[in-house]
Amino acid sequence: MTRQNPKMSLRYYCQGYQIMRKYVIRKSNIPAAIAFIVVAAAAHYIDTRNKLYFEQSQRALAFEQMSSVRAKLEANIYSNFQLVRGLIPVIATEPNMDQTRFAQLADGLLKEGRQLRGIAAAPGLVISLMHPIKGNESAIGLDYRKNEKQREAALYAEHTGTAVLAGPVELVQGGQGLIARFPVFAPNDTSGKKFWGLVSAVIDIEKLYEASGLRDPKLSIDIALVGVDGNGSSGEHFFGPSEILAANPVASDVTLPSGSWMIAAIPKQGWRVEPDNVLELRMAIFVAGMLIVVPIWITGRLVDERQRHIRVLSHREKQVAGISQRLGLALDSSKIGIWEWDIETNTFHLDDRMSEMFNLHPESKQVPLGFWMEAVHKDDRQRFEAELSNAAASRGRVNSNCRILIAGEIARHLRVMGAVYSEPDQKLRMIGVAWDVSTDVALNENLRQAKAIAEARQAELEAARSRIEYNALHDPLTKMPNRWYLDNILEKIAASGTESSEWIALLHIDLDRFKQINDTLGHPAGDAMLIHAAKVIEAKLRQGDFAARTGGDEFVIVRVSENEPEHISAFATTIIEEMRRPVFYERHECRFGASIGIAIEPVKRFNPQRLLMNADIALYRAKSLGRHRFEMFTEALHSEIVRTKRIADEILSGLEKNEFIPFFQPQFNARTLEVVGLEALVRWDHPVLGILPPSYFLTVAEDLNVVDAIDHSILKQVLAQLKEWDRSGMRIAKTSVNVSSKRIHDESLILQLQALDIPSNRISFELVESTYLDENDDVVVRNIERIKELGIDIEIDDFGTGYASIVSLLKIKPRRLKIDRQLVSPIVSSPVQKRLVRSIIDIGHSLNIEIVAEGVETMQHAELLGTFGCHVLQGHAFAPAMSAEAVERLYVDHGRPEVRSMLTTGRI
């Protein structure tokens, strides 16, 4: 490798420095350098602003689509939330409702809320009511206090008394959903309200996503949701790719009934860094920069040459040359054209840039005034000419705008400025400048159009908000106000009526036979009936009345009047009569009716929730009395409801404390008067009132749907008592236990019985005639046959008071037949009754069925029944119903002669 000579290198460096000093480092290049820096800075600024505007447009578009999704999401959640909230007052007035009633109410809500998956009620925080049950069996019996995932939200709803929206959560019955929990407070004798439990509604999260547009393939954005359980941006991420949150997304809050979520979005292809026009914009900036820098650089070179030739000129000429140079640079940089108007000759002198503006040949330096005026747009011509003339006449200044036409089209917008001047012995002139402001005009026009577009979009958003508000306050089917609207109206009346002397009446209307029409003719028929009912109600309203559809087939009318409404009964009667008129749907005559509950209060003491609850209580009474009628709420009705509720609460408490116990009434052989069995009768060992008969509590227990639970408890206690007696050597041959009609229809009855240790042929189930009246009920027939297979006998109780047929007896094949006491009591004095009872006994003999007569009150009854061939006697003539201890004493004493004598004479 050849080593370079140091002297040669130094020489090359010196030559290069000389070349740079001669051609580069020179004063004439400074303006070009400055222009280059200015152009570069301007290019950088324009490029940065272009990228910023592009990014803002991307974010604005993403935010617009995200806002639409957020609005739908909030509307769907609030719609479902308010639907379920309407169920709370009903449960508060019917805290003891059964599954059938609950399912009826919940079914109407599920039809209205398309995202609702199921509704559950948890009295005492334990789920016992559910609709639909199918698919949700695993949730029955769920105790919120023991469920780690749901306990906190449930207890929060209980302690705060506010509704809680939790989720998304993993559901016990599978899948994910939002759970809206509503605390229910039922009326209480002391404090006015008592915590009853929770009503939980499961909103199907996937249906909610679908209905809100989160799954819409047409979206150009990816969306993520954060804030499990309404914790907002501090909550957990649960929807969409988590990468969205780290990609500088647009974000907003989704307002929930309790708390909020954060919704974030980015474009599906991500944020684009480079705008579409970046190449064209940079090319234009480069060309514009070159048009500025290159002429300046060339000019500098020319000035250098000129200065070399004029150095010999005088100092004055040097000054003029310097001024001319600076003026030329300024004009070239500013692109301003110069004109001069000879006022006396009306001719214009134009420089090159002005000629270029008018599309003239560069050599055309002088034109008449008429040429300029002909080039001005006709709408600007008269004004512009007048401004020039006024400035010339006043020897003042002109400052104007005009549009220039070239080939009949607007070529550019000019800004024109000038002033009149004169010199001694010279003509009067006006000199001025003009420059092209077309870009500024176009920019202003674009800004005006953008403003118009923004105002149009604002108008569209306002219209959309109005539509959303209307839809949120009205029923989509009947177009009537909904429950939310009703609550708002009632709150306004309550807030404005503290000093009022007016009265408010509330009519709660429920359609009768609507479900049958819906089930037989389909939902379109049901919708048609609802629309018809809404029209009937609206037609009967007077000015100032308010009516709303509160859900399902229920409507509410609110009427405020100066005096206590006197004609409210006639008004209700008119609605009931009109509702009973037949309605034709697709050639089908549909008939339904209405039941109405009415509550009236003074406005100044008016409480919306109490008035709704009172009207609901009155409606419940109207429906229980036969429907197609109205009932007014009264204090007596309220007292009855309170008493029934107290008994219902005590029954539920008594079931938990095992206060329902069996009493036993002995059954005696009609011939030998020996104890041959017992009938177990339920008694309530009330902690305050003592032993109570079934007549005190059975009706309320049936409404509570706990008769099956009482029967099951009595059966378990009887089995335990039989085992205890067997261990003590006291063997009871047969014990009869009552089984309700509903329980014998239960498909799970056999599984319950198989779980118990029931001794064979020592237990009999007493069934009333209505249990097996329906010969087409396969469940009953199958259950009875399987009961017999378990070694349990079947007895027919209260025979002769129902509608059982001989064919039914042959089909059921009972072991025993019990003649009702209503037939037994008159046989002593009535020959007809005597022959009837004898006939029943003969039927039993012919069918090989053992006959038991209950209600044997005297020994005369016993003797007659014995002669008729009755097998077993039961009644107060021998022994009343008694406790297990009394049965034991009777069993021990039964063998003693004096006791046998007392049995014979009926003195025991």
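In what follows, residues are counted from 1 in the order of the sequence shown.
Side-chain contact annotation: D512 with S595, donor-acceptor N/O pair under 3.5 Å present. Side-chain polar atoms of S740 and D708 form a donor-acceptor pair below 3.5 angstrom. Residues Q874 and E854 have side chains that never bring a donor and an acceptor to within less than 3.5 angstrom of each other.
In this structure, E152 places its CD atom where only 12 or fewer heavy-atom neighbours from other residues, nucleotides or ligands lie under 6.0 Å away. In this structure, F514 places its CZ atom where more than 12 heavy-atom neighbours from other residues, nucleotides or ligands lie under 6.0 Å away. Other residues, nucleotides and ligands place no more than 12 heavy atoms under 6.0 Å from the NZ atom of K515. The environment of CD in Q754 is crowded: more than 12 heavy-atom neighbours from other residues, nucleotides or ligands sit within 6.0 Å. Within a 6.0 Å sphere centred on OH of Y156, other residues, nucleotides and ligands contribute 12 heavy atoms or fewer.
Aromatic ring pairs are classed by plane angle as parallel below 30°, tilted from 30° to 60° and perpendicular above 60°; the pair F182 and F81 is tilted.
Looking at every heavy atom in both residues, Q176 comes nearest to I205 through O-CG2, 3.4 Å. Closest approach of N518 to G526, counting heavy atoms only: OD1-CA, 3.4 Å. Smallest separation of non-hydrogen atoms from L129 and Q99: CA-OE1, 3.4 Å. When all heavy atoms of C590 and I517 are compared, the closest pair comes out as CB-CD1, 4.0 Å. Heavy-atom minimum distance, V718 versus P662: CG2-CB, 4.1 Å. Scanning both residues, L486 and A548, for their nearest heavy atoms gives CB-CB, 4.1 Å.
Using a 4.5 Å heavy-atom threshold, the side chains of L715 and V739 count as separate. Side-chain contact between V199 and I91 is present, with heavy atoms from C-beta onward closer than 4.5 Å. At least one side-chain heavy atom of R483 sits less than 4.5 Å from a side-chain heavy atom of P89. R782 places none of its side-chain heavy atoms less than 4.5 Å from the side chain of I750. Proximity of S764 to R815: side-chain heavy atoms (C-beta onward) are nowhere separated by under 4.5 Å. Two residues are said to be in side-chain contact when any heavy atoms from C-beta on lie closer than 4.5 Å; P132 and L110 meet this criterion. Taking the side chain as every heavy atom from C-beta outward, I787 and L749 approach each other to under 4.5 Å. By the 4.5 Å heavy-atom criterion applied to side chains, Y696 and I647 are counted as neighbours.
Ion pair K723/D757 flagged as a salt bridge, since at least one NZ, NE, NH1 or NH2 atom sits closer than 4.0 Å to an Asp/Glu carboxylate oxygen. We find that K734 and D793 are joined by a salt bridge, their nearest charged nitrogen and carboxylate oxygen being less than 4.0 Å apart. A salt bridge is absent between D746 and K742: the closest approach of a Lys/Arg side-chain nitrogen to an acidic carboxylate oxygen does not fall below 4.0 angstrom.
Interatomic distance, CG of L477 versus CG of N482, reported as 12.5 Å (0.5 Å rounding). The structure places OG1 of T550 at 8.5 Å from CG of L612, a figure rounded to the nearest 0.5 Å. Taking CG of L692 as the start and CG of L698 as the end, the distance is 12.5 Å to the nearest 0.5 Å. Put simply, CD1 on I792 and CG on L753 are 5.0 Å apart, with the number rounded to the nearest 0.5 Å. The structure places CD of Q667 at 10.5 Å from CD1 of I732, a figure rounded to the nearest 0.5 Å. Atoms NE2 and CG, on H508 and L611 in that order, are 11.5 Å from each other to the nearest 0.5 Å.
Judged by distance alone, the side chain of T520 and the main-chain N or O of Q516 form a donor-acceptor pair under 3.5 Å. At distances below 3.5 Å, at least one donor-acceptor pair connects side-chain atoms of Q717 with backbone N or O atoms of F660. Proximity of a side-chain donor or acceptor of S713 to a complementary backbone N or O of A709 within less than 3.5 Å is not detected. Within the 3.5 Å criterion, the main-chain N or O of I744 finds a donor-acceptor partner in the side chain of N783. Under the 3.5 Å distance criterion, the side-chain polar atoms of R513 are matched with a main-chain donor or acceptor of R591. Side-chain atoms of R145 come within 3.5 Å of backbone atoms of G124 as a donor-acceptor pair (strictly under, hydrogens ignored).
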* Passes side chain to side chain contact (heavy atoms under 4.5 Å, CB included), I88 versus F185? Steps please. -> CA-CA 9 Å; I88 304 308; F185 294 88; over 6 Å; no

**Report entry** Steps toward side chain to side chain contact (heavy atoms under 4.5 Å, CB included) verdict (Y144, R151)
**Finding:** CA-CA 5 Å; Y144 284 125; R151 176 174 57 194; 5.7 Å; no

Item checked: Derivation and outcome, side chain to side chain contact (heavy atoms under 4.5 Å, CB included), residues L116 and I203 -> CA-CA 4 Å; L116 289 176; I203 301 174; 3.9 Å; yes

query = side chain to side chain contact (heavy atoms under 4.5 Å, CB included) between D475 and L530: does it pass, once the steps are laid out?
reply = CA-CA 11 Å; D475 172 41; L530 290 174; over 6 Å; no

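With V706 as reference, I651 is the one residue of I651, D711, N96 to meet the side chain to side chain contact (heavy atoms under 4.5 Å, CB included) rule.
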